[in-house]
Amino acid sequence: MTAEEPHSKPSGNGAKKQDGTVGSSGSDASASLDFIRSIVEADIKDGKNEGRVHTRFPPEPNGYLHIGHAKAICLDFGIAAEHSGLCNLRFDDTNPTKEDVEYVDAIQEDIRWLGFDWGNRLHYASDYFGQLYEYAVQLIKDGKAYVCDLSGDEIREYRGTLTEPGRNSPYHDRSIEESLDLFERMRAGEFEDGSRVLRAKIDMAAGNLNMRDPVIYRIIRATHHRTGDKWCIYPMYDFTHCLSDSIEGITHSLCDLDFEDHRPLYDWFLDQLPVHHPQQIEFARLNISYTILSKRILVRLVNDGRVNGWDDPRMPTLSGLRRRGYTPDSIRNFIGRIGVAKRDSMVAAADLEYGIREELNRRAPRVMAVLRPLKLIIDNYPEDRVEQLEAVNNPEDAAMGTRQLPFSRELYIEREDFREDPPRKFFRLAPGREVRLKHAYIIKCERVDKDERTGEIIAVHCTYDPETKSGAAQAARKVKGTLHWVSAEQSIPATVRLYSHLFTKENPLETDEGGDFTDYLNPDSLETLTSCRVEPSLADAVPGTSCQFMRQGYFCLDPVDSTDDALVFNRTVPLRDTWAKMQKAAKAK
RNA sequence: UGGGAGAUAGUCCAAUGGUAGGGCACACGGCUCUGGACCGUGGAAUCGGGGUUCGAAUCCCUGUCUCCCAGCCA
């Protein structure tokens, strides 16, 4: 997210459970507290806020949540839970021209999915419009705000620049009575959009631009998703946010570094009024290599058709990650592992991938799936015979049991598992070589069938050794490689989508002269394979569930595009591939 | 000669005056019916320069670099 709502941060210790206990994560008990938790601890110790901890997560409903927001969510909800405190969900809906109920629904779903619960504390800044209006009137009465008739361009002009002070608006010294009257009439709809604003009277010479008489109310005739046409004036973020925090009794208001410059203004409003004064604390937003965490840009990718919607599995949105096969635990653990600090940083995409592999290795059942099939015929195996072989579902967890796998004379293996002219260290199948078929027999390659014209290998002929059946006493013979396979007849067809980074550059926002992030869109971020064959047990797979395609990676049945007769799997993340790494290294030499 | 913030291995985070440590990544080895997982080993950092101190990543001075801010967005 660029300049979105302030985020809170993730808990270093994973999500709190309903009972307020803390789940474990990458960082363990010995770990020291991050700087925000240190502040919170100190505040509790000092008896500040009567020892209460009350945070909030304040998204603007103008887009879907992404993993950067997950950092904020984990922090806001996590810190509250760690201290038996509360965390509110508050929609920061002060700009009806950009917001929509579609987003408020999606945001709630995503937060719940991540594992957090705001109880009955679902709020909207728009709930406070009446109170906020009264506060604004109070400011005018106290001579601390005035109605300004300057146009947008003029306001900018009067604001000065980074190095030159601004000048007072000609309306700066307008009488309190006149401002009161005008503000009332702004609300009544007597003036056109953009014709007048209410401004705080602070200091046009302030080095901090935010303090140069910031606008606090503007006229916008737009239907608000909650208040409809009740209002035609809407409060600005700076005015709304601090007072909403105050109204809700928030103690620690966590947001990202972009709002550091706004803190003096946050404090100023609260100091002018007789209200509770929460503390704003800023932390560095999350950046991940080869992706972009900016709502502004994500919305562009969606609208320009660069991806297939907010939940496209290539998107770093929570809905995209979910559809890709990422789990809430893996995301929470990731957030806990990367920590919280104030310096700008770029977390390696590999860090995120590590998290999901770690979890799925423990939980995902192993299955056989051949993505790019090559026919393999076992010449000495009876033509009409079909054996049911027992296969372990997860070697990491015996409790997950076993299943039956059909084996027959004609199989499919992965095309890349056979090489007619194998390179050094190639432990797979090649003429004259032996390999084990996982859960089955050791086979030996005898010859290949080729297309006479193209030279393409059409089938591999092998013989099997009946004595080497997996589990059999005499099966101990060692071979260099083990391949996955499916029975040609009994396997079922499937489509498999292989995803990789959406961008080809670590930081796609760091562009050359005149370029932009679209220059680095990865043309190969999605590869769709339509001739895949998977073991028959997958016919009953439940959409959204994950499994490991042996030797390949973790995949999940796409909940949107998959049907009973046309299975579609999304690759969540490939397995670590030492062989590929070796080849790449060799190539580099 | 605007204001604010931040600089610790490739990367992310610790160490708050007392042995610079951990995760990821990387490399090497072991094990393995997944070239996965797992186990072991290793390389690798305090932005520069001064100062205070028995002792500095930490305190002081100075320099450099990076990020944010000129919406009637949040």
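Worth saying up front: this structure is predicted, and the values here are computed from it rather than measured. We name chains A, B, ... by the order of the sequence lines, and we start the count at 1 in each one.
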Nearest-Å distance once atom [atom1] is located in both [N] and [M]:
N: B/A25; M: B/A9; atom1: C1'; value: 11 Å
N: B/G21; M: B/U53; atom1: C1'; value: 25 Å
N: B/A57; M: B/U16; atom1: P; value: 13 Å
N: B/A14; M: B/A45; atom1: C1'; value: 13 Å
N: B/G4; M: B/A15; atom1: P; value: 26 Å

As a test of reading the structure: which of [options] is closest to the side chain of [X], going by heavy atoms?
X: A/K438; options: B/U34, B/C69, B/C67; result: B/U34
X: A/T163; options: B/G2, B/G23, B/G3; result: B/G2
X: A/N361; options: B/A37, B/C33, B/A70; result: B/A37
X: A/A341; options: B/C13, B/U34, B/G3; result: B/C13
X: A/N95; options: B/C73, B/A14, B/G35; result: B/C73
X: A/I220; options: B/C12, B/C67, B/C73; result: B/C73
X: A/E396; options: B/G71, B/G36, B/C69; result: B/G36

#### Entry: Aromatic A/Y124 / basic A/R226 pairing, under 6.0 angstrom, 45° off normal
yes
Do [X] side-chain and [N] base share a donor-acceptor contact under 3.5 Å?
X: A/Q548; N: B/U34; value: yes
X: A/E260; N: B/G6; value: no
X: A/R428; N: B/G35; value: yes

Original post:
A/Y237 stacking on B/A74: centroids under 5.5 Å, ring planes under 30°?
Top reply: no
Partner of A/I216 under side-chain contact (heavy atoms from CB on, under 4.5 Å), picked from A/L265, A/V197, A/L139, A/L132, is A/L139
* A/D465 with A/R477: basic N within carboxylate O range, under 4.0 Å -> yes
Does this structure show an ion pair linking A/R403 with A/E390, if we count only N-O contacts that are shorter than 4.0 Å?
no
Mate of B/A74 across any strand shown (Watson-Crick or G-U wobble, both atom pairs under 3.5 Å) is none
Tell me whether A/K438 contacts the main-chain N or O of A/W485 through its side chain, where contact means a donor paired with an acceptor under 3.5 Å. no
note: A/K342, atom NZ; B/A14, atom P; distance rounded to Å ~ 13 Å
